[in-house]
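Lettering follows sequence order; numbering is per chain, from 1. These figures come from a predicted structure and were not determined experimentally.
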Amino acid sequence: MRDFSEKVFTIIRKIPKGKVLTYGQVATLAGVPRASRIVGGLLFQQGLEKRLPWQRVINAQGKLSTYRVGMGTEQKRLLQAEGIRFNRGGVIDLKQYQWWPSAKQMHHWEVSEETAFRISERLGF
DNA sequence: TCAGTGACTCCCC
DNA sequence: CGGGGAGCCACTG
């Protein structure tokens, strides 16, 4: 159970500067595809404390979920500083900025074969 | 233990 | 494209 959180933190630490992952994507890579809300909860509680690049995790719509907890402006500022652009709706183009780890990286994280396969398809391998 | 919670997602108008 | 609603599930007190 503790395993999930550790995986989540490990994955988030690997997100390249200027790229983003969605909560659901992090949950999937960590082995529990439908635990996206947990990822948000973990970041809220320990994002700053653990010095994670918390700003690089956004929701599946390409929007920032942190406005609810007063971190929206800061998150947007940090992402813009990394070169990420927001369209006029405050939306980030996931096609352009979403990051998917390499097959080698996923193997190292023990991502299941099925998940890795789906991700490969998505990347057009 | 166990119910409550929520930085989510998906589906349906 | 936007809002409402119903699942989801690791974490917490």
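Contact check, A/Gln45 against C/dT12: a side-chain N or O comes under 4.0 Å of OP1 or OP2.
Applying the side chain to side chain contact (heavy atoms under 4.5 Å, CB included) test to A/Glu114 and every residue at least two apart in sequence or in another chain returns A/Ser112, A/Arg118. In this view, A/Ser65 and A/Asn59 satisfy the side chain to side chain donor-acceptor pair (under 3.5 Å) rule, not counting sequence neighbours. Not a single side chain to side chain donor-acceptor pair (under 3.5 Å) links A/Trp99 to another residue, sequence neighbours left out. Applying the side chain to side chain donor-acceptor pair (under 3.5 Å) rule to A/Gln96 yields no partners; only residues at least two apart in sequence or on another chain are considered.
The nearest whole Å value for the distance from the CD1 atom in A/Ile11 to the P atom in C/dA10 is 14 Å. In this structure, CG of A/Leu94 is placed 13 Å from C1' of B/dT9, rounded to the nearest angstrom. Nucleotide C/dC9 holds its P atom 23 Å from the CZ atom of A/Phe44, rounded to whole Å. Taking atom CD on A/Glu49 and atom C1' on B/dA7, their separation rounds to 16 Å, with Å as the unit. Atom P of nucleotide B/dA7 and atom CG of A/Leu48 are separated by 15 Å, given to the nearest angstrom. In this entry the distance linking CD of A/Glu6 with P of C/dA10 reads 15 Å, nearest Å. Rounded to whole Å, the distance from CD1 on A/Ile38 to P on B/dG6 is 12 Å.
If A/Ser36 and A/Leu42 are placed on DNA chain C by their nearest nucleotide, the residue sitting closer to the 5' end is A/Ser36. If A/Arg37 and A/Gln46 are placed on DNA chain C by their nearest nucleotide, the residue sitting closer to the 5' end is A/Arg37.
Of the residues in residues 52-87 of chain A, none lies under 4.0 Å from DNA chain C by heavy-atom distance. At a non-hydrogen distance threshold of 4.0 Å, A/Val32, A/Arg34 from residues 25-34 of chain A come into contact with DNA chain C.
Listed by first and then second residue, the side chain to side chain donor-acceptor pair (under 3.5 Å) pairs involving residues 9-25 of chain A are A/Gln25-A/Gln98 (not counting sequence neighbours).
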Identify all side-chain donor-acceptor contacts of residues 75-93 of chain A below 3.5 Å with residues at least two apart in sequence or on another chain.
residue, atom, partner, partner atom, Å
A/Gln75, OE1, A/Thr66, OG1, 2.6
A/Gln75, NE2, A/Gln55, O, 2.9
A/Gln75, NE2, A/Val57, O, 3.1
A/Arg77, NE, A/Glu74, OE1, 3.1
A/Arg77, NH2, A/Glu74, OE2, 3.1
A/Glu82, OE1, A/Gly18, N, 2.9
A/Glu82, OE1, A/Arg56, NE, 3.1
A/Glu82, OE2, A/Gln55, NE2, 2.9
A/Glu82, OE2, A/Arg56, NE, 3.1
A/Glu82, OE2, A/Arg56, NH2, 2.9
A/Asn87, OD1, A/Gly89, N, 2.7
A/Asn87, OD1, A/Gly90, N, 3.2
A/Asn87, OD1, A/Val91, N, 3.0
A/Asp93, OD1, A/Lys95, N, 3.1

When the side chains of residues 31-42 of chain A are checked against the rest of the protein, which donor-acceptor pairs come out under 3.5 Å, sequence neighbours left out?
none

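Closest approach of A/Met106 to A/Leu29, counting heavy atoms only: SD-CD2, 4.0 Å.
Residues A/Ile12 and A/Leu43 are in side-chain contact: their nearest non-hydrogen atoms beyond the backbone lie under 4.5 Å apart.
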